[in-house]
Participant: 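What follows is a structure written as C-alpha cells; I'll ask about it next.
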Protein chains: 2
Amino acid sequence: MSVSIKDIARAAGVSPSTVSRALNDHPRISQATKARIRQLAQELGYTPSLPARSLVTRHTATIGMVITTAADPFLARLVQGVEETAEKNGYSVFMSSSYRNAERELEVVRAFHERRASGVIITGSQIDDGYLQLSSQFPLPIVLINCRAYPYSVYVDKLSGARQAVEHLVQLGHRRIAFIGGPHGHRSNLDRFAGYRQILEENNISQNDSLIFTGEGTIESGIQAARHMLTIPQPPTAFFCFNDLTAIGVIRALQQAGAEVPRDCSVVGFDDLEMASHYCPSITTVRQPTHRLGQRAISILLELIQGNSNLQPERLPAELIVRESTGPVSEAGLKPYA
Amino acid sequence: MSVSIKDIARAAGVSPSTVSRALNDHPRISQATKARIRQLAQELGYTPSLPARSLVTRHTATIGMVITTAADPFLARLVQGVEETAEKNGYSVFMSSSYRNAERELEVVRAFHERRASGVIITGSQIDDGYLQLSSQFPLPIVLINCRAYPYSVYVDKLSGARQAVEHLVQLGHRRIAFIGGPHGHRSNLDRFAGYRQILEENNISQNDSLIFTGEGTIESGIQAARHMLTIPQPPTAFFCFNDLTAIGVIRALQQAGAEVPRDCSVVGFDDLEMASHYCPSITTVRQPTHRLGQRAISILLELIQGNSNLQPERLPAELIVRESTGPVSEAGLKPYA
DNA sequence: AGGGTTTGTGCAAACGTTTGCATGCGCTTC
DNA sequence: GAAGCGCATGCAAACGTTTGCACAAACCCT
C-alpha cells in the first residue's frame, strides 16, 4: 500500500538502487539527481520501511523496554534517562508492560526479539538471573534494572538507603521501629530488611518480631499494617516502610485513628515519588537516582550491543531525604486501641 | 547471527519452504516432518523474524501507542484496556512518550510508521486534527483519545463531568466557586470551563473573573492558585480544579494557611487518580472511564485497520465521585491574608 | 491396468531495502 | 587519438520469510 523506493524510481526514471543511494546521500550520485529524487520522495510521502532495511543491514535501531505498568511513578525519570541516551545513539525506545507477571514478561521479551530489537531493558523483572539460562532462547542483549544477581545490570544500593533511613530514626530517639515490608521474598525487600536489622543491631536494639509486617507495597497494605500495629500492646513509635505508597497508607490510617504525624509517630517511605514531597505531612523518604539509573542501563546495553560483554553489575547510591513525617520520639506516642 | 529457517532446513534435510509450512501448521505437511522440524526449531532456539515475515505478509501485528509520559496515572487502566483487546486480536502494543511536545509526538508517530505499525493510538496529542492534513505523510490508521475534533477518536464528556462537579458544589450551598484551569487553550480545559459557566448561569450566579485562575495541571500550580485566592478580598468557598494534582496542591496550600478542608472550603478534582481516594481528606473528583476509553480506542483502530472508515468520534460519560473534600458551605470560610 | 485423486515436498518469485561489482560515458593527458 | 581515469548509474544478489505452482509418488476406483 505504502509508497516504496520502486515507485520513486519509476517516477524519476532511474533504478531503485539510485533512489536508495540518493536518499542515503551516497557520494557518487549527482547533486541534480539527489535533489530531484528527494523532491519526489517528499511529494509522494515516502517513508522508508525499517523492516525491509533492517533485513539487509541487520539493525533495527530499536530498544525494547519492559516496564511493570504504565503508571508507575518510578518510571518517569528512569525512562527519560534511557530515552535521552538512546536517542543520542540513534535508537528508538519502545515500552511494553509485564504487570509483574513472569509469563507475560517472557511474552514481551519474545515480542521484542521477534521484532529483532537490538536489545532489551527490563525493570521489575520476575525472572531475574533466570535469563542466564534463557540466553539461547533470547539471543539478544538484556540489561536488568535493580537485579544484582544478573551480570548485566544496574541497581540502587537499597541496603545503604535502608541503613540511612533507620539510622535517622534511631538518632531521633526511636527504639520501637516497625518494619513494613513489601512482597515476600523480593530481593529489594530483603535489602531493606537487612539494613533495618543492621542498624538495630549496631545500636543494641533487640529485634521485636511483632514489629515486622509483610505488606504488598500498596496504599491499602500500608493502611492494614498501621491498623495492625495499633492493636499490639506496645505500638511502635516509628515506621520504616517498603515504599512511599505504603507510607501514605500508614500515615492515613494513623491519622484516621486520631494520631498525628510526626508528633505521635514518625514514618519513613522509600522511592521519593513526586507525591512524597506534597503529601501532608510531606514524607521523609529514600530517593533512588532514577534518571541516572536509566542512563546507566542504556549505556550498559549499548556496550553489550557493541559486543563488550566484560561487564559487572553496577551499583548506584541511594539518598535519604528528610521531610516532615519524621521527628523526635514523643513521650505520649500511639495508644493501642483495645 | 540469529538462527533462520534455512539453518533448520539444512539440519532437517528439507527445503526452507517445508520448514516454513511445518512451523505454520500447513495441512499438507506430514505429521512426522512437522514433529521433526518443530523439535529442531526448539533445539536451535529459533524465533521467527517478524520483519522478514511482515515484508511478505504486509502485517506487523504491531500497534503503537503515543503516551505523554510513562508515569501518568491516567494511563494505568487505559493502557490495560488497549492491551487486552489488542492481544485478543493478535496484536502487540508498544508505547513511546511524547512529553507533550508536538515535534516529538510527530517523531514518535514517524518511528511507528517507519516500523510499519498497523496503527497508532495517541493520548494527549498536541497535533489533534492536524493529522487530517498529515494523512499523506502518515498513511496509517490513527486514533486519538480525548480529541473530538478528529473523526477517529474517543473522548470523555468532560463538559458533563464539569457540570456534575459544579452542580454538586452549588447544591452544597456554594456560590463563590473558584475555577482553577489547566494549560491555556486546551480543549479539555475549555470543556471544564464551559460546564462551570453553564451551572453558574443556570443557578443565577454571576461569574466573577477574580475567581478564575489559569494553572498548569500540576501540584505546584494548585499551590499557587490557592495562595493567590487567599489574597483576594472575598476568597472562594469552593475550588473546582482542572485535575486531582491541582486539587492536591490547593488542599495542601489551604491546610498550610491554617484552613481545614472541607470545613472552611470545599475542593473538587478531576481524573480520580488512585491517590484521590487515599489523600487526606479523600478527594471528591470526576472519574473518566479510562479502561473503557482504551477498549473503545483499540476497537475503533481495529475497525480502521480492517478498512471501515465510516466512523465518528465516540463519546463516553464521566462520573462524579463524592468523597470527603467537599461539604456544605460554612459561615466562617476562608479569611483572606492581608 | 490405467486414469484420477490425494499427499508430501521443492522451486522460485516476491516483499522493500542495501550494496559490491560492472558498465557506459565524457574528460583529461601524453 | 588512444589510453586512462573519474563520475554517475544500473544489475543482481542478498537479507528471512511466505506462497502459488509444479511435480513425484502413492493411493484408490472401476
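Below, chains carry the letters A, B, ... as their sequence lines are ordered, and counting in each starts from 1. Everything numeric in this text was worked out from a predicted model, so none of it was measured.
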Participant: In whole Å, what is the span from the CD1 atom of B/I29 to the C1' atom of C/dT7?
Facilitator: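 So the two atoms are 10 Å apart, to the nearest Å.
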Participant: Return yes if the base of D/dG20 and the side-chain atoms of B/R28 contain a donor-acceptor N/O pair under 3.5 Å, otherwise no.
Facilitator: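 No, no donor-acceptor pair under 3.5 Å.
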Participant: Apply side-chain hydrogen bond (donor to acceptor under 3.5 Å, both in side chains) to residues B/E83 and A/S97 and explain how you reach the verdict.
Facilitator: CA-CA 9 Å; B/E83 278 174 346; A/S97 25; 2.9 Å; yes
Participant: Between A/F112 and A/F138, is the ring centre distance below 6.0 Å?
Facilitator: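 No: the rings miss the under 6.0 Å criterion.
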Participant: Could you check A/S17 against A/V56 and say which one's nearest nucleotide on DNA chain D is further toward the 5' end?
Facilitator: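 Checking each residue's closest nucleotide, the 5'-ward one belongs to A/S17.
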Participant: Could you tell me whether A/S20 contacts a base, only the sugar-phosphate backbone, or nothing, with contacts defined as non-hydrogen atoms closer than 4.0 Å?
Facilitator: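 Base contact.
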Participant: Do B/R21 side-chain and C/dG10 base share a donor-acceptor contact under 3.5 Å?
Facilitator: yes
Participant: Counting only side-chain N and O atoms of B/R53, is one of them less than 4.0 Å from OP1 or OP2 of D/dG16?
Facilitator: no
Participant: May I ask you to verify if any side-chain N or O of A/T33 is less than 4.0 angstrom from the OP1 or OP2 atom of D/dT9?
Facilitator: yes
Participant: Please determine whether a side-chain nitrogen or oxygen atom of A/R58 lies at a distance below 4.0 Å from atom OP1 or OP2 of D/dG16.
Facilitator: yes
Participant: What is the separation between atom CG on B/D25 and atom P on C/dG8, rounded to the nearest whole Å?
Facilitator: 13 Å
Participant: Name the residue closer to the 5' end of DNA chain D, choosing between B/L55 and B/T18 according to the nucleotide with the nearest heavy atom.
Facilitator: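 The residue mapped nearer the 5' terminus is B/L55.
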Participant: Just call it for B/P51: base, sugar-phosphate, or nothing, with non-hydrogen atoms closer than 4.0 Å on any strand.
Facilitator: nothing
Participant: How close or far is atom C1' of C/dG10 from atom CZ of B/R10, stated in whole angstroms?
Facilitator: 16 Å
Participant: After noting the C-alpha distance and the side-chain angles of A/T62 and B/F94, does the key distance pass the side chain to side chain contact (heavy atoms under 4.5 Å, CB included) rule?
Facilitator: CA-CA 12 Å; A/T62 299; B/F94 299 99; over 6 Å; no
Participant: Could you give the CD1-to-C1' distance, from B/I8 to D/dT17, as a whole number of Å?
Facilitator: 12 Å
Participant: Considering only C/dT17, C/dT9, D/dT18, which nucleotide approaches the side chain of B/N24 most closely?
Facilitator: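 Shortest atom-to-atom distance from the side chain points to D/dT18.
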Participant: Calculate the interatomic distance between B/L50 atom CG and D/dT18 atom C1'; express it in whole Å.
Facilitator: 13 Å
Participant: Choosing from C/dC11, C/dG16, D/dT17, which nucleotide comes nearest the side chain of B/S15?
Facilitator: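 The answer is C/dC11.
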Participant: Just by distance, no angles: are the side chains of B/E84 and B/H291 close enough, under 3.5 Å, to form a donor-acceptor pair?
Facilitator: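 Indeed, the side chains of B/E84 and B/H291 share at least one donor-acceptor pair under 3.5 Å.
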Participant: Are B/K6 and D/dT17 close enough that a side-chain N or O sits under 4.0 Å from OP1 or OP2?
Facilitator: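 So the side chain of B/K6 is outside the cut-off, no N or O lying under 4.0 Å from OP1 or OP2 of D/dT17.
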Participant: What is the distance, rounded to the nearest whole Å, between atom CD1 of B/I5 and atom C1' of C/dA12?
Facilitator: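 Whole-Å distance recorded here is 15 Å.
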Participant: Just the rounded figure in Å: distance from C1' of C/dT7 to NE2 of B/H26.
Facilitator: 12 Å
Participant: Would you indicate what B/S49 reaches in the nucleic acid, counting non-hydrogen atoms under 4.0 angstrom: base, sugar-phosphate, or nothing?
Facilitator: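 Answer is sugar-phosphate: B/S49 comes under 4.0 Å of backbone atoms only.
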Participant: Determine whether B/Y131 and B/S125 make a side-chain contact, defined as any pair of heavy atoms from C-beta on separated by less than 4.5 Å.
Facilitator: yes
Participant: A/Q39 and A/R36: side-chain donor and acceptor closer than 3.5 Å?
Facilitator: no
Participant: Measure the distance from CG on B/L23 to P on D/dG16 and round it to the nearest whole Å.
Facilitator: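 Between P of D/dG16 and CG of B/L23: 15 Å.
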Participant: Measuring from the side chain of B/T57 (C-beta onward, heavy atoms only), which nucleotide among C/dG10, D/dT18, D/dA8 has the closest atom?
Facilitator: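 Between C/dG10, D/dT18, D/dA8, the one nearest the side chain of B/T57 would be D/dT18.
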Participant: Does a nitrogen or oxygen in the side chain of B/K34 sit under 4.0 Å from OP1 or OP2 of C/dG8?
Facilitator: no
